[in-house]
Protein chains: 2
Amino acid sequence: MTTLEAPARGRRRNRGAAAPTPGPRNAAFHRLENTLPRARAFSDDQVAAIHDTALRVLEELGIRVLLPEGRARFAAAGATVDEDSMMVRFDRAMVTEHLAKAPSSFTFRSRTGALDAPMGSNSLMFSPGGGCPNVTDRVRGRRPGDLQTFEEVTKLADGFGVIHKLSPSVEPQDVPVEFRHYATMRAQLTLSDKLPFVYARSSGQTRDTFAMIRLIHGLDEEEFAAEPRTQTVINTNSPRQLDRPMTQGIIDFAEAGQVSIITPFCLAGAMAPITMAGALTLSHAEAVAGVVLSQIVRPGVPVIYGAFCSNVDMKSGAPAFGTPEHIQANFGAGQLARHIGLPWRSAAGTASCAADAQGAGETQAALWGCLLAGANVIMHAAGWLEGGLVFGHEKFIADVETLETVAAALQSPGAGPEEIGFDAIAEVEPGGHFFAASHTMERYATAFAEPLVGTRANFGQWTEAGRPETAERATAIWQRAVAEHVPPAIDPARIDALDAFIAKRRAEGGARPMD
Amino acid sequence: MTTLEAPARGRRRNRGAAAPTPGPRNAAFHRLENTLPRARAFSDDQVAAIHDTALRVLEELGIRVLLPEGRARFAAAGATVDEDSMMVRFDRAMVTEHLAKAPSSFTFRSRTGALDAPMGSNSLMFSPGGGCPNVTDRVRGRRPGDLQTFEEVTKLADGFGVIHKLSPSVEPQDVPVEFRHYATMRAQLTLSDKLPFVYARSSGQTRDTFAMIRLIHGLDEEEFAAEPRTQTVINTNSPRQLDRPMTQGIIDFAEAGQVSIITPFCLAGAMAPITMAGALTLSHAEAVAGVVLSQIVRPGVPVIYGAFCSNVDMKSGAPAFGTPEHIQANFGAGQLARHIGLPWRSAAGTASCAADAQGAGETQAALWGCLLAGANVIMHAAGWLEGGLVFGHEKFIADVETLETVAAALQSPGAGPEEIGFDAIAEVEPGGHFFAASHTMERYATAFAEPLVGTRANFGQWTEAGRPETAERATAIWQRAVAEHVPPAIDPARIDALDAFIAKRRAEGGARPMD
């Protein structure tokens with residue numbers, strides 16, 4: 001069944017890419033520009049009203065900041081702090097002043113420079129599903145995340161050009177928490193040159209992971225702090241609360257010139273108002289507070305505005321994704337990000353337990369919401385199931401197909417005289433066909449995107465092959481991508497230094513998450 | 001397993017709709033405005049160049065018109081006709097003159113007026129999959145289309161507000177061809193008030209079906225011809241050929257004031273150039289030729305510009321849908337339709353044999369291509385499988401979920417002071433939740449779209465229910481929608497007259513398709 005055979009991972013998408021085999025599929029997609037138009041959920045006046053109300057929330061209601069150092073930083077910058085209630089209130093002039101310091105664009109640097117990633121304007125990055133305690137695939141079933149799976153997903157993310165950054169895909173629960181960050185950062189740095197992710201769980205862990213990046217990138221502290229090379233996600237505890245590790249994370253990342261993606265996870269009806277405008281008002285207030293803190297710590301430090309706003313199922317309280325409300329929230333969040341002029345991140349996702357039609361449908365609906373909203377980073381774009389409780393290997397492959405479709409569609413198809421092809425049309429008789437036309441023969445090998453897991457087998461061929469559905473066909477594809485993965489060529493001395501650092505730090509007891 | 005129970009068909013989407021139970025789900029979606037922005041594949045200069053080259057194709061290469069009456073009509077209007085080769089060539093002044101006569105917008109009338117449908121500008125209609133020789137569902141398997149299934153699909157199309165028109169869903173192969181149009185039109189007219197579809201297979205059949213619409217709508221010939229109440233799809237025989245029934249169809253529909261949707265089915269690399277600009281140039285030339293014929297026959301008659309342009313798999317020649325090329329072709333076709341100022345139709349679709357992730361993914365990618373291209377009619381938006389060889393009942397339900405998601409996302413979420421909800425935000429303590437907030441309690445019953453086949457069950461609940469995937473869950477939903485369908489209340493005298501007409505015409509031998 002040639003038609004249903006899993007494509008070789010090393011097989012290049014025909015268009016563009018020129019990297020030698022083996023290497024990532026569709027390497028040319030490593031840098032994307034979102035050429036789609038921007039959708040709107042609100043009028044300009046409504047956007048201004050939401051922004052204005054968010055400033056009023058910060059001014060009149062305030063944010064509870066659990067970390068004393070966070071409150072001290074805010075107070076030093078002119079915010080009003082009530083130590084008993086831990087509430088911080090910001091006047092709008094102060095907020096506006098600090099917001100203006102955050103850059104509207106910057107570039108994430110990579111080890112070799114080849115995967116440097118611009119951020120802002122029309123830049124577009126797809127990130128794999130992240131934060132999943134569990135993992136599932138058709139071979140081993142659903143189970144708690146472990147280090148082997150974290151490494152597998154890192155290889156998968158590295159193996160597809162359309163995946164632009166690494167994510168905390170699955171939680172390696174087989175590694176003690178005080179050593180876990182060594183294992184996950186080592187995997188990211190040695191298996192891929194893509195932008196690594198750091199969990200801001202404590203200053204100790206953050207310092208360790210920054211040191212590891214410096215060792216692999218070959219940088220001293222000053223060089224490292226000069227340009228962003230990693231990122232973390234700061235989730236507020238909506239509503240209106242910044243907890244201790246998250247506040248510490250903003251401070252630590254800003255001091256080191258690294259990027260906080262400040263993302264309230266506001267599910268309308270649960271931790272945010274049930275209206276999308278209300279949920280976005282709260283989300284915006286919290287994100288702005290986080291951005292302000294980053295600029296207080298280090299004026300001008302790159303930071304990403306985040307919004308992950310969807311709704312819950314009001315019967316069960318379960319989170320929902322790819323819903324109309326999720327799409328509208330994305331449109332509105334994009335308007336708010338542009339209103340304050342910051343690069344921004346959003347997220348796709350699905351509540352589905354299976355990599356089936358619902359899973360594909362919700363993830364893609366959410367994806368188009370993000371795309372049309374102009375999100376610069378789209379998290380959970382591949383492999384997320386059960387609202388993030390599970391990373392699915394087959395789901396990842398199916399989603400990568402969609403991302404590749406979008407990435408190819410964003411390229412200009414061209415319409416010069418050769419593409420318009422009057423002579424080609426003249427060459428073929430009425431009622432004839434173009435299969436053998438010279439215009440076709442010159443182009444057929446590279447004309448069209450090649451599917452990843454999709455098949456064009458007819459019903460007879462598909463039946464002969466045992467009627468494998470998408471998820472079933474995806475198994476061999478991820479297995480092959482993992483098996484054939486080739487790590488980047490890194491100076492072995494740097495890896496030795498990394499391992500020596502890890503050994504030393506482990507011997508010292510590692511670093512625990514903060515409370 | 002309440003969470004996984006199939007929603008009652010009569011259950012209303014909470015927002016908007018006010019029709020009494022039973023009735024269509026989400027009846028409020030019967031009229032949609034596409035509020036999304038428009039995407040572009042080409043610059044304005046490139047669009048002008050494609051249009052210009054299409055006129056050159058018509059002028060220098062011409063179209064082969066197989067029907068003598070068609071050639072005669074073109075010749076009478078000033079085209080150059082070569083009777084030996086049956087080639088018709090048009091100078092661009094003539095084309096431009098006739099194109100200008102076609103209206104940029106019009107309204108499809110319905111029996112009661114309640115389902116009148118504007119066409120043009122931002123109007124948006126979703127149409128079920130059509131033209132399928134086969135049908136499949138999880139109960140009865142894959143089989144040739146029959147009348148019972150045609151009736152079932154008509155009930156399904158009628159039962160969901162987000163489906164805006166009827167389609168020639170499955171071919172009822174158990175009805176002799178000379179009687180088939182009576183059966184399909186009777187089903188459409190008695191089971192639904194939505195816009196009926198007529199196959200232009202011969203003048204005799206067209207006359208019969210027009211007569212049937214007049215009987216049910218209660219109109220004489222003059223009233224009927226005054227405003228459009230039905231539509232057909234005219235597929236050219238790409239490249240550059242109009243066959244006999246299709247040419248006759250344009251003439252018959254224009255004379256009766258009814259709507260031809262003139263749609264070259266140009267698969268790049270097969271019946272059209274392998275470049276998307278080339279495929280669109282050919283498609284545009286053919287569609288324009290058809291539009292011109294409609295305006296020659298009856299200046300000002302409503303007509304819809306069609307484009308259904310995707311690519312083939314160059315290894316197998318199989319058609320492909322939801323590809324990057326399909327998306328780009330849609331963007332470009334929308335630009336061309338706006339360039340000539342006509343309402344236009346496109347189509348979604350998938351090559352998948354199953355209602356699985358690939359089926360959902362391709363159909364939705366194609367759908368967004370159509371939406372962002374501003375297509376006024378999106379055919380094959382629900383239920384199409386195997387590139388149109390099969391209509392799938394479960395696939396229909398899964399696709400309707402996506403269409404409902406899009407339709408709800410197109411509505412304004414609102415951002416007045418009540419939606420922005422400062423007081424709601426003030427009501428909830430930092431770190432608290434909004435489940436019990438008064439702002440939530442006032443709105444929770446109607447705040448969010450209700451899923452159709454999607455489930456938010458967690459893994460435990462889903463496992464207890466036997467881990468049903470989307471297609472499995474969809475079975476009970478279509479069964480219930482079919483079983484609970486309530487036909488429109490039509491004066492029984494009209495139905496009697498319809499049946500008398502059919503009996504008479506059957507006794508006369510019916511009407512055969514033309515060769």
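Order of the sequence lines sets the chain letters (A, B, ...), proteins ahead of strands, with each chain counted from 1.
Between atom OG of residue B:Ser412 and atom CD of residue A:Gln46 there is a gap of 6.0 Å, rounded to the nearest 0.5 Å. Between atom CD of residue B:Glu362 and atom OG1 of residue A:Thr402 there is a gap of 9.0 Å, rounded to the nearest 0.5 Å.
If you measure heavy-atom distances from A:Glu394 to chain B, you find no contacts under 4.5 Å at all. Neither the backbone nor the side chain of A:Pro417 comes within less than 4.5 Å of any heavy atom of chain B. At a 4.5 Å heavy-atom cutoff, the contact between A:Arg38 and chain B is made by backbone atoms alone. Contact of A:Phe459 with chain B is made through backbone and side chain together, with heavy-atom distances under 4.5 Å. In this structure, no portion of A:Ala437 lies under 4.5 Å from any heavy atom of chain B. Residue A:Thr405 touches chain B through both its backbone and its side chain, counting heavy-atom pairs closer than 4.5 Å. With a 4.5 angstrom heavy-atom cutoff, A:Ala268 touches chain B via backbone and side-chain atoms both. In this structure, chain B has heavy atoms under 4.5 Å from both the backbone and the side chain of A:Ile50. Residue A:Val406 does not touch chain B at all, counting heavy-atom pairs closer than 4.5 Å. At a 4.5 Å heavy-atom cutoff, A:Phe321 makes no contact with chain B through either its backbone or its side chain. Heavy-atom distances place the side chain of B:Met87, and not its backbone, under 4.5 Å from chain A. With a 4.5 Å cut-off on non-hydrogen atoms, A:Glu386 touches chain B through its side chain but not through its backbone.
Counting heavy-atom pairs under 4.5 Å between each of B:Ala270, B:Ala39, B:Ala354 and chain A puts B:Ala270 at the top. Your options are A:Ser43, A:Gly332, A:Gly361, A:Ala54, and the one with the most heavy-atom pairs under 4.5 Å with chain B is A:Gly361. The most heavy-atom pairs under 4.5 Å with chain B, out of A:Pro37, A:Gly421, A:Ala426, come from A:Pro37. Contacts with chain B were tallied for A:Met314, A:Met276, A:Arg56, A:His326; A:Arg56 has the most, counting heavy-atom pairs under 4.5 Å. When each of A:Gly62, A:Ala285, A:Ala272, A:Gly432 is checked for heavy-atom pairs under 4.5 Å with chain B, A:Ala272 comes out on top. Of all the listed residues (A:Ala415, A:Gly322, A:Ala471), the one sharing the greatest number of non-hydrogen pairs under 4.5 Å with chain B is A:Ala415. Contact tally against chain B (heavy-atom pairs below 4.5 Å) for A:Gly278, A:Pro430, A:Ala351, A:Gly431: the top residue is A:Pro430.
The minimum heavy-atom distance between A:Ala360 and B:Ala360, with the atom names listed, is CB-CB, 4.1 Å. In terms of heavy atoms, B:Phe448 sits closest to A:Val312 at CD1-O, 3.3 Å. Nearest heavy atom pair, residue A:Gln411 against residue B:Gln328, reads O-NE2, 2.7 Å. In plain terms, the two heavy atoms of A:Phe435 and B:Gly269 that are nearest each other are CD2-O, 3.2 Å. Scanning all heavy atoms of the two residues, the minimum distance from B:Ala41 to A:Pro413 falls at O-CD, 3.4 Å. When all heavy atoms of B:Asp356 and A:Arg473 are compared, the closest pair comes out as OD2-NH1, 4.3 Å.
Contact of the B:Phe422 side chain with the A:Glu60 side chain is registered, since non-hydrogen atoms from C-beta on lie closer than 4.5 Å. B:Gln364 places a side-chain heavy atom less than 4.5 Å from the side chain of A:Gln364. Side-chain contact between B:Phe434 and A:Leu282 is present, with at least one heavy-atom pair separated by less than 4.5 Å. The shortest distance between side-chain heavy atoms of A:Glu419 and B:Thr281 does not fall below 4.5 Å. Using a 4.5 Å heavy-atom cutoff, the side chains of A:Pro273 and B:Ile425 are in contact. You'll find the side chain of A:Thr275 reaches within 4.5 Å of the side chain of B:His439, heavy atoms only.
A:Glu469 places no side-chain N or O within donor-acceptor distance of the main-chain N or O of B:Cys353, the cut-off being under 3.5 Å. Of the possible donor and acceptor atoms, one in the side chain of B:Arg240 sits under 3.5 Å from a partner among the backbone N and O of A:Val428. With hydrogens and angles ignored, the 3.5 Å screen pairs no side-chain donor or acceptor of B:Glu404 with any backbone N or O of A:Pro324. Not a single donor-acceptor pair under 3.5 Å links the side chain of A:Arg456 to the backbone N or O of B:Asp313. Of the possible donor and acceptor atoms, one in the side chain of B:Gln358 sits under 3.5 Å from a partner among the backbone N and O of A:Thr455. For A:Glu325 (side chain) and B:Ala449 (main-chain N/O), a donor-acceptor pair under 3.5 Å exists by modelled atom type.
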Exercise for the section: Take A:Tyr444 and B:Ile274 through the side-chain contact (heavy atoms from CB on, under 4.5 Å) test and state the conclusion after the steps. Expected result: CA-CA 7 Å; A:Tyr444 79 95; B:Ile274 194 166; 3.9 Å; yes

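Partner of A:Trp368 under the side chain to side chain contact (heavy atoms under 4.5 Å, CB included) criterion, chosen from B:Leu36, B:Leu372, B:Leu367: B:Leu372.
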